[in-house]
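Working notes, structure below.
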Amino acid sequence: MIKKISLTLIATITLMVNVSASSDGELLLKKNDPAEVKECWEGFNRASFALNQGLDKVIFKPVASVYRTLPTPIKSGVSNSLDNLSNVVTIPNNILQGEFVKAGVNTGRFVINTTVGVLGLIDVATLIGFEEYEKEDYGQTLAVHGVGPGCYLVLPVLGPKTARDTLASTFNFMGGDAWYNITVANDTQYVSEFDYYASRVTAGVDFRAKNYDSIENLQKNSLDFYASVKSVYLQDRQQKILNSNQVIESMDESDWEELDN
């Protein structure tokens with residue numbers, strides 16, 4: 001596991017060195033402007049988007065409809081637990097972005113919520129005054145260090161991404177996601193592959209349920225639903241890279257990228 005994490009860090013640092021890096025906010029804004037992201041594979045993307053719409057209609061939308069009827073404490077507990085689990089990716093990316101204070105705060109949040117908060121079901125850290133949690137991932141880290149988004153891409157099941165973020169997602173499987181390592185990559189006594197994939201599916205259902213009305217309204221009012229989803233997704237990624245709290249077209253602030261971490 002240590003070897004895999006080391007390889008991930010080396011790969012990330014190498015990319016940082018070989019890119020015209022800059023932390024200037026204006027440059028980050030321009031590089032990640034949705035209008036600057038190329039549509040290189042529109043035919044494939046639209047076909048993949050249609051497939052995902054079919055899966056959503058048959059699976060995710062019905063399940064999300066049932067999930068929405070659960071008592072609020074249960075839904076909050078699930079969301080809190082998923083957010084807490086995502087810290088295992090956020091913390092190393094805080095460090096790679098030079099956000100050492102945030103890395104310390106998020107480590108404290110993770111320890112407190114995992115123990116006192118019963119595996120993250122209760123967000124005790126926020127209740128006792130810890131700083132508000134912001135998710136980070138390897139795609140955001142590459143962007144902060146100057147890597148452009150590349151082409152827009154829609155993956156089957158996983159949904160919208162950019163070429164940069166697709167590449168960055170592979171870091172999770174090279175040792176950058178501790179949850180993946182102890183469930184899938186390594187045979188452990190307490191958790192298994194099922195726990196990892198169950199958490200990913202649950203994250204997808206939770207995201208769909210949170211954005212149920214927004215997605216329905218977007219689809220109903222869009223002349224081109226594909227183009228509308230692309231616009232919302234790219235705006236959302238831009239704001240997350242800039243660590244902005246701006247709300248994008250009334251969509252929930254939960255991270256699209258968490259679905260395939």
Side-chain angles (χ1 to χ4, degrees), residues 45 47-90 110 113-114 117-123 133 135-139 153-161 165-166 168-216 218-219 229 232-233 236-237 240 251-261:
N45 286 345
S48 183
F49 183 78
L51 170 64
N52 291 342
Q53 277 190 283
L55 292 174
D56 179 70
K57 182 178 181 180
V58 174
I59 301 173
F60 285 99
K61 183 177 178 180
V63 174
S65 297
V66 175
Y67 178 85
R68 294 178 74 196
T69 66
L70 295 176
T72 298
I74 294 179
K75 291 184 290 186
S76 296
V78 170
S79 292
N80 289 340
S81 182
L82 291 170
D83 285 343
N84 185 59
L85 189 58
S86 68
N87 262 304
V88 298
V89 171
T90 290
F110 181 70
N113 286 342
T114 301
V118 193
L119 299 180
L121 291 172
I122 305 171
D123 187 2
Y133 174 61
K135 295 177 184 177
E136 299 286 350
D137 56 53
Y138 293 102
L153 180 65
V154 180
L155 298 176
V157 182
L158 300 179
K161 298 185 77 65
D165 295 335
T166 301
S169 294
T170 64
F171 292 176
N172 293 318
F173 313 120
M174 294 169 56
D177 182 350
W179 179 232
Y180 177 84
N181 277 297
I182 66 172
T183 52
V184 179
N186 296 288
D187 183 18
T188 58
Q189 182 178 355
Y190 304 103
V191 288
S192 66
E193 291 185 19
F194 174 81
D195 298 296
Y196 177 81
Y197 293 114
S199 68
R200 299 277 63 83
V201 171
T202 302
V205 172
D206 184 63
F207 174 84
R208 183 63 173 90
K210 286 179 178 177
N211 292 288
Y212 192 94
D213 293 331
S214 296
I215 291 173
E216 295 302 302
L218 187 66
Q219 184 171 12
V229 170
V232 170
Y233 172 77
D236 179 74
R237 282 303 282 170
K240 283 180 169 57
M251 294 291 283
D252 184 85
E253 64 181 6
S254 53
D255 191 354
W256 292 69
E257 295 303 310
E258 72 182 359
L259 303 187
D260 63 333
N261 279 347

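Because the structure is a prediction, the values reported are computed rather than measured.
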Atom [atom1] in [X], atom [atom2] in [Y]: separation rounded to 0.5 Å?
X    : Y    : atom1 : atom2 : value
K210 : K75  : NZ    : NZ    : 11.0 Å
L82  : D206 : CG    : CG    : 5.5 Å
S192 : I182 : OG    : CD1   : 10.5 Å
D213 : L218 : CG    : CG    : 12.5 Å
S81  : I122 : OG    : CD1   : 11.0 Å
N113 : L85  : CG    : CG    : 12.0 Å

Specify the closest pair of heavy atoms between [X] and [Y], including all atoms of both residues, with the distance to one decimal.
X    : Y    : value
D165 : G139 : OD1-CA, 3.2 Å
A168 : Y138 : CB-C, 3.5 Å
V78  : T202 : CG1-CG2, 3.7 Å

Original post:
Of all residues at least two apart in sequence or in a different chain, which pass the side chain to side chain donor-acceptor pair (under 3.5 Å) check with S65?
Top reply: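 Counting only residues at least two positions away or on another chain, S65 forms a side chain to side chain donor-acceptor pair (under 3.5 Å) with Y212.
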**OP:** Taking side chain to side chain donor-acceptor pair (under 3.5 Å) as the test, write out the residues that go with Y197, two or more places apart.
**Re:**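 Y197 satisfies side chain to side chain donor-acceptor pair (under 3.5 Å) with no residue once adjacent residues are dropped.
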**OP:** Scan D123, N84, D83, T90 and name whichever one has a side chain to side chain donor-acceptor pair (under 3.5 Å) with Y133.
**Re:**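 Checked D123, N84, D83, T90 against Y133; only one passes side chain to side chain donor-acceptor pair (under 3.5 Å): T90.
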**OP:** In sequence, state the C-alpha distance, the side-chain angles, and the governing distance for Y196 and D177, and then conclude on side chain to side chain contact (heavy atoms under 4.5 Å, CB included).
**Re:** CA-CA 11 Å; Y196 177 81; D177 182 350; 4.0 Å; yes
Any side-chain heavy atom of [X] sitting closer than 4.5 Å to one from [Y]?
X    : Y    : value
L158 : R200 : no
S169 : K161 : yes
N172 : Y180 : no

Original post:
Of all residues at least two apart in sequence or in a different chain, which pass the ring pair (Phe, Tyr, Trp, His ring centres under 6.0 Å) check with F110?
Top reply: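 Scan of F110 (ring pair (Phe, Tyr, Trp, His ring centres under 6.0 Å), adjacent residues dropped) gives none.
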Hey, is the main chain of [Y] close enough, under 3.5 Å, to the side chain of [X] for a donor-acceptor pair?
X    : Y    : value
N186 : T188 : no
T69  : V66  : yes
Y233 : G159 : no

Original post:
Among pairs that include at least one residue of residues 51-60, which meet side-chain hydrogen bond (donor to acceptor under 3.5 Å, both in side chains), considering only residues two or more places apart or in two chains?
Top reply: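 Checked against side-chain hydrogen bond (donor to acceptor under 3.5 Å, both in side chains) - neighbours excluded - the pairs reaching residues 51-60 are D56-R208.
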**OP:** Hey, could you give me each pair passing salt bridge (Lys or Arg N to Asp or Glu O under 4.0 Å) that has a residue in residues 190-199? Not counting sequence neighbours.
**Re:**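 Found none.
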**OP:** Would you please name every residue forming a side chain to side chain contact (heavy atoms under 4.5 Å, CB included) with L119, sequence neighbours left out?
**Re:**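 By the side chain to side chain contact (heavy atoms under 4.5 Å, CB included) rule, L119 matches T114.
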Original post:
Given the rule in the side chain to side chain contact (heavy atoms under 4.5 Å, CB included) test, do F173 and V184 qualify, once you have shown the distances and angles that lead to the verdict?
Top reply: CA-CA 9 Å; F173 313 120; V184 179; over 6 Å; no
